[in-house]
Amino acid sequence: MALKITVIGTGYLGATHAAAMAELGFEVLGLDVVPEKVAALAAGRVPMYEPGLEELLGRHVAGIGGSSGRLRFTTSWDELEHFGGDVHFVCVNTPQKHGEYACDMAYVDAAFASLAPRVKGGALVVGKSTVPVGSAGRLAGLLAEHAPEGVDLAWNPEFLREGFAVRDTLHPDRIVVGVDGDRAEKLLREVYAAPIAEGSPFVVTDFPTAELVKTSANSFLATKISFINAMAEVCEAAGGDVVKLAEAIGHDERIGRKFLRAGIGFGGGCLPKDIRAFMARAGELGADQALTFLREVDSINMRRRGHMVELAREAVGGSFLGTRVAVLGATFKPDSDDVRDSPALNVAGQIHLQGGQVTVYDPKGMDNARLLFPTLRYADSALEAVRGADVVLHLTEWREFRELDPAALGRVASHRVVLDGRNALDGAEWREAGWTYRAMGRPRA
Ligand code: UDX
């Protein structure tokens, strides 16, 4: 009999994980406390933009014509208890606490508290949320106290990237499981049999190591981005070109070319909050010195946003008052509708607060951006955003923006000045169309 799997929390991570588990052949029940989210998923609709996820849901959600029927969603803990899952994945989010660096464990704690008395004896609970090191040990204690005999815990961090969530979940570049016994490992090998057979490395660790793998991986990625952005600052001071520099150092296999795109820096729901929570946790453990460099990584990153604002101010003659600024991009990266801690929206907001008339256009992030920043203006297309603009800021590297016709935009802009905050546009093409093109960490032409 195929394993029965539950997924608690159906955001980016949980919705994708639930659909992927159904795709792998398991019987799956997803639970979330937000009824609208559950209603959408149960109808096969994805409440956020994630390429490929809707198709995957359509293939498995019960009640959809032609689906396998292996995937259902509920808000009811009683239904989850009745379902009698063999493996329960906890995928709720761990946001940054208000006014603090530490991460908020309230959703994880609530999920475990509801789950513990409802799991059947012998089941496995698997944490996937990103948590401060030490949490798994504490939660194992909670299960021992409130769950029936023989319920095990494992920690199985996720590494999915928004925009590639389906691929990253079905074909992970590694599977990391923190366990404290053979039984949990055996069950997880069964769950992940397909990707393991495909060659995904399966790394077995203890609890703290598994928790640390996730936060250290994100810290490394953040450090790599801030490193190249620091080089961009030096390049600007010295007249160098950070794009060429990244290409050249990237040829060294030990360094690699990925995650060396200089620009306005990283954002999103993971990298910024994860490095902060990691610093906070290290402080609690008395190891804060080990991570003081992350403070620098964070400040280099935040400086990029301010630097972009300054470049824009310079481009409009020293003051934003009475000027029109077009912002292309609102999401924290392309192929996502996520605007959480988005550098693009942050820059747009700063300019707006300083008196500029900012008009934003994004291919997928408009609804979320409007909710977060209702006072900005929004246009229905790049062309409309650029109409009458004194300066154009390219802040999220959507393909749509690379395919824009600079000549057509030039005919509607007030001034042909474009600032490329992602080093992704073809500068030569824009210059040919009469634009002053400026990018971050590159010489002025
Ligand atoms: C990240 C991790 O990559 C993933 O493994 C983890 O599970 C969750 O956090 P995600 O937040 O989806 O994933 O975004 P990612 O693709 O890592 O990009 C993060 C930010 O860094 C984006 O704002 C992006 O624009 C920026 N970035 C990325 C750069 O500025 N330069 C780069 O070279 C790469």
Side-chain angles (χ1 to χ4, degrees), residues 11-14 16-17 48-51 53 91 93-96 103 128-131 156-169 171-176 210-211 213-232 242-243 245-247 249-250 255-278 297-298 300-305 307-308 329-347 362 365 394-399 401 420-424 439-441:
Y12 280 101
L13 165 63
T16 315
H17 191 68
M48 62 265 179
Y49 176 72
E50 185 57 51
L53 184 51
C91 298
N93 60 336
T94 50
Q96 188 176 337
C103 98
K128 284 192 88 64
S129 308
T130 302
V131 294
N156 169 216
E158 55 82 20
F159 304 102
L160 64 85
R161 296 160 298 167
E162 289 180 19
F164 299 92
V166 170
R167 195 173 84 193
D168 287 351
T169 306
H171 312 284
D173 54 12
R174 80 286 212 189
I175 299 160
V176 176
E211 295 166 314
V213 166
K214 174 61 195 266
T215 34
S216 59
N218 276 356
S219 299
F220 191 87
L221 295 173
T223 304
K224 215 172 166 190
I225 300 169
S226 278
F227 173 83
I228 202 64
N229 281 329
M231 293 307 112
V242 75
V243 174
L245 181 144
E247 182 192 331
I249 63 171
I255 296 173
R257 294 172 79 151
K258 291 186 181 153
F259 265 64
L260 285 182
R261 264 183 299 108
I264 55 170
F266 59 81
C270 293
L271 259 41
K273 71 125 174 129
D274 285 355
I275 61 170
R276 292 174 192 152
F278 199 17
V297 165
D298 201 1
I300 292 169
N301 190 52
M302 297 311 282
R303 215 151 62 215
R304 302 308 286 165
R305 304 173 183 192
H307 184 49
M308 190 68 205
T331 52
F332 83 104
K333 68 174 194 182
D335 298 318
S336 164
D337 64 354
D338 196 344
V339 297
R340 283 177 296 172
D341 203 355
S342 164
L345 261 195
N346 183 301
V347 167
D362 187 278
H394 173 245
L395 302 184
T396 313
E397 68 278 32
W398 287 92
R399 173 192 283 269
F401 298 150
D420 188 356
R422 291 294 183 182
N423 275 314
M440 299 182 94

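Order of listing sets the numbers, starting from 1, for every ligand and every atom in it.
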Lys/Arg N to Asp/Glu carboxylate O, Glu397 vs Lys333, below 4.0 Å: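 Result for this pair is no, no salt bridge flagged.
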Electrostatic pair Asp335-Arg161, nearest N-O below 4.0 angstrom: no
Aromatic plane relationship, Tyr49 with Trp398 - under 30° parallel, 30 to 60° tilted, over 60° perpendicular: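 Because their plane-to-plane angle lies in the 30° to 60° range, the rings of Trp398 and Tyr49 count as tilted.
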Heavy-atom donor-acceptor pair, Asn156 side chain to Val176 backbone, under 3.5 Å: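 At least one qualifying donor-acceptor pair exists.
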CZ on Arg276 to CG on Leu271, rounded to 0.5 Å: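 The CG atom of Leu271 sits 10.5 Å away from the CZ atom of Arg276.
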Sub-4.0 Å heavy-atom environment of ligand 1, residues by chain: Glu158, Phe159, Leu160, Arg161, Glu162, Lys214, Asn218, Leu221, Ile225, Phe259, Leu260, Arg261, Gly265, Phe266, Gly267, Cys270, Leu271, Phe332, Lys333, Arg422
Side-chain heavy atoms of Asp338 within contact of Met48, under 4.5 Å: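 Side chain of Asp338 against side chain of Met48, heavy atoms only: no contact under 4.5 Å found.
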